[in-house]
Every structure is written in structure tokens, then in C-alpha cells.
Amino acid sequence: MTMPKVHVKRGDTVVVIAGKDKGKVGEVLKVLPKKNRVIVKGVNMISKHVKPSMANREGGIIKTEGTIHASNVMLYCTKCNKATRVAYKFLEDGTKVRVCKKCNETF
């Protein structure tokens with residue numbers, strides 16, 4: 001079985017296009033290509049019950065980001081301030097770069 005190709009990378013700014021957090025903009029913290037899911041900062045916040053431990057003296061309920069499917073996020077172009085699809089182009093030196101479909105800005 002091949003791993004699905006995820007169109008976003010860690011550190012990218014993305015906008016959520018579906019689900020309860022639709023319209024939120026955040027940074028990709030982690031990409032899980034085997035599950036085709038991503039973790040976005042401030043999106044899909046879940047409550048996690050944590051027992052007291054050496055690292056965390058107080059237990060309790062902490063809020064953390066949950067995963068969302070990669071198809072529910074689009075790359076956010078800071079130049080045109082919109083969600084955009086990604087095009088791939090090769091530069092003169094042969095390096096492959098990601099480009100905004102709307103304004104041709106490189107990511």
C-alpha cells in the first residue's frame with residue numbers, strides 16, 4: 001500500500017474549508033501522511049483527561065489540537081489573502097517549488 005501524498009507541509013499556513021472550524025486560519029503543526037491527516041494550531045480542540053505524573057504535577061483536563069483530514073484544509077496565500085490550490089513549477093536551476101494558482105506567489 002502506498003502512502004497518500006499530502007499537499008501541505010509542517011509550518012504552512014492553511015485555512016479550514018470544512019467541518020466545525022470552517023474558516024479558521026492556522027499553522028500546520030504536524031502532518032501524518034499514513035493516515036492522510038494534519039494537526040493545525042487552534043483547530044479541532046479536544047479535551048484530554050490527564051493523570052498526575054512527574055512531568056505534569058497536576059492532572060486534570062487539558063485542551064489540545066486533534067487531527068483533521070488533509071482534504072479539509074487548503075493552503076492560505078498571504079499575498080492575496082485567500083485559500084488557494086497548489087501548482088508545482090520548476091525553476092531555472094531545476095528545483096521544484098509550490099506556487100499559488102491565483103497570484104503565482106511561491107510558498
Side-chain angles (χ1 to χ4, degrees):
M1 185 174 143
T2 59
M3 252 191 320
K5 176 104 168 78
V6 182
H7 64 283
V8 291
K9 296 178 181 178
R10 191 179 77 201
D12 284 345
T13 304
V14 294
V15 60
V16 180
I17 58 169
K20 67 178 182 180
D21 293 317
K22 182 177 180 176
K24 284 191 180 177
V25 178
E27 181 187 347
V28 176
L29 299 175
K30 194 171 184 181
V31 179
L32 307 167
K34 286 185 180 175
K35 295 180 179 178
N36 203 19
R37 296 179 83 79
V38 292
I39 297 175
V40 181
K41 190 174 193 173
V43 174
N44 193 22
M45 298 302 285
I46 57 172
S47 299
K48 194 172 185 181
H49 297 260
V50 180
K51 275 186 159 182
S53 65
M54 293 299 279
N56 185 11
R57 293 281 180 196
E58 291 182 25
I61 302 169
I62 60 165
K63 290 277 197 179
T64 185
E65 289 94 356
T67 63
I68 57 172
H69 201 269
S71 65
N72 292 337
V73 296
M74 275 182 104
L75 212 56
Y76 184 76
C77 180
T78 53
K79 187 178 176 189
C80 53
N81 293 324
K82 292 180 184 171
T84 182
R85 288 180 296 158
V86 182
Y88 296 95
K89 289 188 180 175
F90 290 95
L91 298 176
E92 295 83 37
D93 59 349
T95 56
K96 188 178 179 181
V97 292
R98 297 178 302 159
V99 177
C100 172
K101 282 263 193 179
K102 294 177 181 174
C103 65
N104 291 324
E105 180 76 13
T106 58
F107 294 107

Indicate if Val14 and Tyr88 have the same hydrophobic cluster label, given that clusters are the connected sets of ILVMFWY residues with side-chain heavy-atom separations under 4.5 angstrom. yes

From CA spacing to verdict: side chain to side chain contact (heavy atoms under 4.5 Å, CB included), Met54, Arg57 = CA-CA 6 Å; Met54 293 299 279; Arg57 293 281 180 196; 4.0 Å; yes

Taking atom NZ of Lys51 as the centre, does the number of heavy atoms from other residues, nucleotides or ligands within less than 6.0 Å exceed 12?
-> no

Shortest non-hydrogen pair, Ala70 vs Val6, comes out as CB-CG1, 4.0 Å

In short, Ala87 meets Lys101 closest at the heavy-atom pair CB-CE, 4.0 Å

If we ignore hydrogens and angles and just use 3.5 Å, is the side chain of Asn72 paired with the main-chain N or O of Val16 as donor and acceptor?
no

Report task. Please examine the side chains of Arg85 and Met74, heavy atoms only from C-beta on, and report whether any two atoms are closer than 4.5 Å. Result -> yes

Side chain to side chain contact (heavy atoms under 4.5 Å, CB included) between Val15 and Lys82, intermediate numbers included: CA-CA 8 Å; Val15 60; Lys82 292 180 184 171; over 6 Å; no

* Taking the side chain as C-beta and beyond, is there a heavy-atom pair between His7 and Val73 under 4.5 Å? -> yes

- Within 6.0 angstrom of Lys30 NZ, more than 12 heavy atoms from elsewhere: no

I want to check something: taking the side chain as every heavy atom from C-beta on, are Cys77 and Cys103 in contact at a cut-off of under 4.5 Å?
yes

Smallest heavy-atom separation, Lys102 atom then Ala83 atom, equals NZ-O, 3.0 Å

(message) Between Val86 and Val99, is there a side-chain heavy-atom distance shorter than 4.5 Å?
(response) no

Original post:
Less than 4.5 Å apart, any side-chain heavy atom of Lys63 and any of Ser47?
Top reply: yes

*asked:* Donor-acceptor check, side chain of His69 to backbone of Lys35, threshold 3.5 angstrom: yes or no?
replied: no

d(Ile62 CD1, Met45 CE) to nearest 0.5 Å is 9.5 Å

When clusters are formed by joining ILVMFWY residues with side-chain heavy atoms under 4.5 Å apart, either directly or through shared neighbours, do Ile39 and Val8 land in the same one?
no

Test salt bridge (Lys or Arg N to Asp or Glu O under 4.0 Å) applied to Lys24 and Asp21, step by step: CA-CA 6 Å; Lys24 284 191 180 177; Asp21 293 317; 3.3 Å; yes

Tightest non-hydrogen contact, residues Arg98 and Leu75, listed as NH1-CD2, 4.1 Å

query = Is a side-chain donor or acceptor of Asp12 paired with a backbone partner of Lys9 at a separation under 3.5 angstrom?
reply = yes

Review point. Does Asn44 reach the main-chain N or O of Glu65 with its side chain, forming a donor-acceptor pair under 3.5 Å?
Key: no

query = Taking C-beta and beyond as the side chain, do Thr67 and Leu32 meet within less than 4.5 Å on heavy atoms?
reply = yes

- side chain to side chain contact (heavy atoms under 4.5 Å, CB included) evaluation trace for Glu105 with Cys80: CA-CA 9 Å; Glu105 180 76 13; Cys80 53; over 6 Å; no

Shortest non-hydrogen pair, Val28 vs Val31, comes out as CG1-CG2, 3.7 Å

Is Ile17 linked to Val25 within one hydrophobic cluster, defined over Ile, Leu, Val, Met, Phe, Trp and Tyr using a side-chain heavy-atom separation of less than 4.5 Å?
-> yes

Minimal heavy-atom distance between Phe107 and Thr84, with the atoms involved, is CZ-CG2, 3.9 Å

